[in-house]
Asker: 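Here it is: the structure, laid out below.
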Amino acid sequence: MSNSVPGVWTAPDGTTADRISAQARRRRTFAVISHPDAGKSTLTEALVLHARVITEAGAIHGKAGRRSTVSDWMEMEKARGISITSTALQFPYRAPDGSECVINLLDTPGHADFSEDTYRVLTAVDCAVMLIDAAKGLEPQTLKLFQVCKHRGIPIITVVNKWDRPGRHALELMDEIQARIGLRPTPLTWPVGIAGDFKGVLDRRTGMFIRFTRTAGGATAAPEEHLTPERAHEAAGIDWDTAVEESELLEADGADYDPETFLGGTATPVLFTSAALNFGVNQLLDVLVQLAPPPSGQVDIDGNRRSPEAPFSAFVFKVQAGMDSAHRDRIAYARVCSGTFQRGDVLTHAATGKPFVTKYAQSVFGQQRTTLDSAWPGDVIGLANAAALRPGDTLFRDVPVHYPPIPSFSPEHFAVARGKDPSKHKQFRRGIEQLSQEGVVQVLRSDRRGDQSPVLAAVGPMQFEVASHRMAAELSAPIQLEPLPYQVARAVDPEDADFVGRQPSAEVLTRSDGVMLALFSTKWRLEGFQRDHPKVVLRSLVAAGDD
Ligand code: GDP
């Protein structure tokens, strides 16, 4: 490390803190949280379309009828039409003030069974877009994911989607957000025309009418016109007047945008869109670049914030294997927290102190991989050949740092795994170890059960399907799973482990990270035990749901 100007860090390649700071400031890293079917894939395509990276919607996700994916082990993903794998999209966007921004959009799994994966992705974003179906309002998966964002204090922008279809009243949806999740909605736009008759939006910051025009199939960016209130009244009549009236009601109620409460996680700006018709999508991009926070550094295990201008650091938030049959490798996705990264840099892996060579760094655009040459705070690097990296691991350069581990979720489903073919004992062990390292399932062991029959623990049963599928198709060690009758897990201290393990309908096992978990058949058993033995400390783990 060299310091040419006192107090200003200069990287060995001559990159100054100012340059890193400027790159960090132009970046926005976010994820969309929603219930399946709210329109996340459609919105993602529309966002990229607007940013003009692709010219025609439909080139990113591998859903039925769209361009197919290269993923083979995720055939089940195709069959179910759900998105299990996670991708990181990066695209440039010119802000309304003309500045060139860079958007990083991290995809999250859509199914509740993969909420632990989603949680890991959400540790890597600076902002979340909560996407709501106008007809359905807040749905269970949205609520769960909202809790995760709240837990992490991530600012949330709310998007009410599918306004082109009949749905609920806009004011009623605002009430629901306030009442059910305690976030104060502060609409930035307000719909002109009821749900199902989407004429455009009132831009509450300028008072202008943004009128939308339908295009065939919504395949190109929808043209929009900006009309003054007088012209808006001529153009949209009673619908405009109603929008103005309702906006005034909101204003009287103090529901105007306020940066402090948004960034503090107590209020949420709201936009109305039709992702399918590409209405309101560019307003979302504008709001992201204008209002969402840029990368601001990361707090390490000692509670110190490492600023974005500090030497390079990143943490792994996702490890994924078998994405492509041509490359049977693992990709570790790392979010850059500070400094600059050049492909080929030799980093240090904080967990082992060993060097990590990054010759295979990639950026992953949809299912396509391209070589990545440099990255800045907020960016996601895909590191291939990353056998040593686990979710939560820190990588750094020059000045050591250790970021806190990503907490594991409290599992709610348990099953004993046994190899179907006893001669493949080695593959079995290796495969189980790999699934554990990637965080596909948690792996628990005990002397009593032995090494040949570890217990797999999951937040949702579909994680078991993924584990089985991968063990057979990719790791050449098919397994059978025998469900165990436990529903709750608590961390227990080693000195109490024997005692707890002797209770009826309970068992104690050790997770691969060394934490001892006490499993109970039901919540009532657990509560009964706690009542009878108040001195035994049982600690809650991060819950996936709102229990
Ligand atoms: P995801 O499961 O959240 O990724 O949802 P998709 O993007 O796959 O959308 C689910 C369905 O809703 C698809 O049939 C979309 O065409 C449709 N859809 C998405 N956005 C809109 C919208 O704004 N308006 C209408 N009418 N349909 C939409």
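Sequential numbering from 1 along the given sequence is applied to the chain's residues. Both ligands and their constituent atoms are indexed starting at 1 by order of listing.
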Asker: Hey, is ligand 1 close enough to Lys162 that some N/O pair sits below 3.5 Å?
Answerer: yes
Asker: Show which side-chain atoms of residues 92-102 pair as donor or acceptor with protein atoms under 3.5 Å away, not counting sequence neighbours.
Answerer:
from, atom 1, to, atom 2, distance (Å)
Tyr93, OH, Asp286, OD1, 2.6
Arg94, NE, Glu100, OE2, 2.8
Arg94, NH2, Glu100, OE2, 2.7
Asp97, OD1, Ser99, N, 2.8
Asp97, OD1, Ser99, OG, 2.7

Asker: Quick check on contacts: which atoms of ligand 1 are under 4.0 angstrom from a heavy atom of Ser274?
Answerer: 22 (C), 23 (O), 24 (N)
Asker: Below the 3.5 angstrom mark, is there an N/O of Ala276, backbone or side chain, next to an N/O of ligand 1?
Answerer: yes
Asker: If we ignore angles and hydrogens, is there a donor and acceptor under 3.5 Å between the side chains of Glu224 and Gln283?
Answerer: yes
Asker: Applying a 4.0 Å heavy-atom criterion (strictly less than), which segment of Asn161 is in contact with ligand 1: side chain, backbone, both, or neither?
Answerer: side chain
Asker: Just say parallel, tilted or perpendicular for the rings of Trp163 and Phe272, cut-offs at 30° and 60°.
Answerer: perpendicular
Asker: Any atoms of ligand 1 less than 4.0 Å from a non-hydrogen atom of Arg165? List them with their elements.
Answerer: 26 (N), 27 (N)
Asker: Does either side chain, that of Thr268 or that of Thr158, offer a donor lying less than 3.5 Å from an acceptor on the other one?
Answerer: yes
Asker: For Phe409, does its backbone N or O pair with a side-chain atom of Glu116 as donor and acceptor, under 3.5 Å?
Answerer: yes
Asker: Could an N or O of ligand 1 be found under 3.5 Å from any N or O of Gly39, whether backbone or side chain?
Answerer: yes
Asker: Would one find an N or O of Trp163, backbone or side chain, under 3.5 Å from an N or O of ligand 1?
Answerer: no
Asker: Looking only at heavy atoms, is any part of Lys40 under 4.0 Å from ligand 1, and if so is it the side chain, the backbone, or both, or is it neither?
Answerer: both
Asker: Relative to each other, are the rings of Phe209 and Trp240 parallel, tilted or perpendicular (30° and 60° limits)?
Answerer: tilted
Asker: Check this for me - ligand 1, Ala275, N or O atoms closer than 3.5 angstrom, yes or no?
Answerer: yes
Asker: Let's go through Asp393 and Arg390 carefully: what are the C-alpha distance in whole Å and the side-chain angles of both, what is the deciding distance for salt bridge (charged side-chain N to carboxylate O under 4.0 Å, His left out) to 0.1 Å, and is it a yes or a no?
Answerer: CA-CA 6 Å; Asp393 280 3; Arg390 325 246 180 289; 5.5 Å; no
Asker: Would Asp37 count as a polar contact of ligand 1, with the cut-off being nitrogen or oxygen pairs under 3.5 Å?
Answerer: yes
